[in-house]
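For reference, the structure is listed below as structure tokens.
None of the values given here were measured: they were computed from a predicted structure. Both counts, for ligands and for their atoms, begin at 1 and track the order of listing.
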Amino acid sequence: MSTHYTSHEELVRALNRNGQEHLAQQLNELGGSRREELFQQLVTYDWERLGRLVQTYVLSEGAVKIPEELQPAPYYPMTPAGPDQEAQYRAAWAKGAQLVLEGKVALFMVAGGQGSRLGFEHPKGLFPASPIRRLSLFGWFAESLHHMQRRFRTVIPWYIMTSQTNHDATVGFFEENDYFGLDPQNLMFFSQAMLPAFDLETGKALLKSPTSLALSPNGHGGSLTAIRESGALADMRRRGIEHISYIQVDNPLVRPIDPLFIGLHALADSEMSSKMLPKREPMEKLGNFCMCADKLWVIEYSDMPVALAEEVDPGTGRLRFLAGSIAIHVLRVDFVERLTADPDQLGLPFHRAEKAVAYWDPACGAAVSPSGKNAVKLEMFVFDALPLCSRTVILETSREEEFAPIKDADGRGLDSPLVARRALIERGARWLEQNGVLVARDAAEEVAGMIEISPFVAIYPEDLQAYELPAQILEGDTFLL
Ligand code: UTP
């Protein structure tokens, strides 16, 4: 970790210059090893830069700049629109498959988030996501990777970004599970950077204890600098990786390595590509893919002007801004290299999130648990790299096939484990039905039994053709493949 100040005095001057006098005072009040502990943490931050961030994003709210004259972003439809596009998709699949089998594609998973909505006491990747075996998310993705490595007789290195908070528990879990049978040489774990939380009213960095700051991960956009600073990008270069398949830890339905998507991206010379879903409603909580002056933007649902979000395309009768972002991307390695050449000039904006953050108050020397929002956390989002690309591609996918993120605790939101497990059951049933199996459904047309199809076995419905399948799955049956 870099050090920005070499002496106590230099640090204190920077703190005082940038509205953080309370930290300078706290340093002065501590003695011996406790002072050294706080000093060692504070010098890892550039307080001039943090001072500017506080002015822009904490003490004023007008930081999000929505580009003007937004237009809907074009995308490749899930089903090719005619024979020409069919041929294009076939060529793209072949190109993607070739890149995978030549070992030019890596999997990159962001798993540094705090998972506060889920309220699970371990890193989210340990969450028991699968319907029958209750296999963890990490275990589930490992099976998918096994499948693709076997299918393409190749090695697909897996890079996992953690945060300081969950790094050891994540690595420990892989060790305990013998890396789920993957070769640890092809797995790399690294942590993203953390940022202090700032008081909502005053912009002062909050302390967690007398000797440490209250820190949180700097957002999934922090992955772009973390991937370089950790040496992961250099490792990719050494291995001859050209494209990075980017996924989040929380969506068990995702196809971690999708040859069609990778191929469309590669053939278009795209620097960063994205998958999209048609939104269910104008203000669904997904980012909106929009074009402005030939650049692709993701406008968060909360920043999207309602009138625009509600516009209907007279031709199709569907929403004009239909494309919602689901955080599945492919990035070129050389694009990430260019973007992060000077990590201080990354060019991604910050987003402010107002949160309740527990802190230690130096004024009264006690820990405080606020009842409401008291702090601003600053995060970068990876999709803000899209407007920095010269070329981008968007591919439509299906919600039922590829999107059921685990965000909320059961009973506390739509994106719950129950919903994700149900989506896995329903997808498994559809694949079985497509292979001639009769699946019993209840009055609401929901699958009446329990079904789990491991990604080790199948990634696509046609993969099931290689297996002996039952003629039917009855109500109450449990079917695990
Ligand atoms: P979310 O935005 O859903 O946040 O992350 P979260 O931290 O998982 O959950 P909440 O909001 O606290 O409930 C989407 C993806 O981005 C990763 C997460 O691990 C998840 O895969 N992420 C998020 C990071 O890797 N780092 C971050 O700083 C934030």
Aromatic centroids of [Y] and [X] separated by under 6.0 Å:
| X | Y | result |
| --- | --- | --- |
| Trp158 | Phe189 | no |
| Phe180 | Phe456 | no |
| Phe381 | His351 | yes |
| Phe138 | Phe174 | yes |
| Phe127 | Phe120 | yes |

Could I get the full list of side-chain hydrogen bond (donor to acceptor under 3.5 Å, both in side chains) partners for Ser416, not counting sequence neighbours?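 For Ser416, the residues satisfying side-chain hydrogen bond (donor to acceptor under 3.5 Å, both in side chains) (neighbours in sequence not counted) are Asp410.
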>> So if I count the atoms of ligand 1 from 1 in the order they appear, which ones are less than 4.0 Å from some heavy atom of Ser116?
In response: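 Atoms satisfying the 4.0 Å criterion: 9 (O), 10 (P), 12 (O), 13 (O).
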ask   = What atoms of ligand 1 come within less than 4.0 Å of a heavy atom belonging to Met161?
value =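 Atoms satisfying the 4.0 Å criterion: 25 (O).
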For [atom], what is the nearest protein heavy atom, given as residue, atom name and distance?
| atom | result |
| --- | --- |
| atom 20 (C) of ligand 1 | Val110 O, 3.9 Å |
| atom 28 (O) of ligand 1 | Gly219 N, 2.8 Å |
| atom 2 (O) of ligand 1 | Arg117 NH2, 4.1 Å |
| atom 8 (O) of ligand 1 | Lys124 NZ, 3.5 Å |
| atom 6 (P) of ligand 1 | Gly115 N, 3.6 Å |
| atom 25 (O) of ligand 1 | Gly112 N, 2.7 Å |
| atom 19 (O) of ligand 1 | Gly113 N, 2.9 Å |

Kindly confirm or rule out an N or O of [X] lying under 3.5 angstrom from an N or O of ligand 1.
| X | answer |
| --- | --- |
| Leu118 | no |
| Gln192 | yes |
| Val249 | yes |
| Gln114 | yes |

| query | Under a 4.0 Å heavy-atom limit, does Ala111 contact ligand 1 with its side chain, its backbone, both, or neither? | reply |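 The answer is the backbone.
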**Prompt:** Would you say Gln192's side chain and Gly219's backbone share a donor-acceptor pair under 3.5 angstrom?
**Reply:**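 The answer is yes, because a donor-acceptor pair under 3.5 Å joins these two groups.
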Between Arg239 and Asn186, do the side chains contain an N or O donor and an N or O acceptor separated by less than 3.5 Å?
yes
#### Entry: N-O pairing of Glu281 and Lys279 below 4.0 Å
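So Glu281 does not pair with Lys279 through a salt bridge.
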Ranking Lys407, Met109, His220 by closest non-hydrogen atom to atom 16 (O) of ligand 1, top hit is His220
Among residues at least two apart in sequence or on other chains, which ones pass side-chain contact (heavy atoms from CB on, under 4.5 Å) with Gln71?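 So Gln71 forms a side-chain contact (heavy atoms from CB on, under 4.5 Å) with Met291, Arg320.
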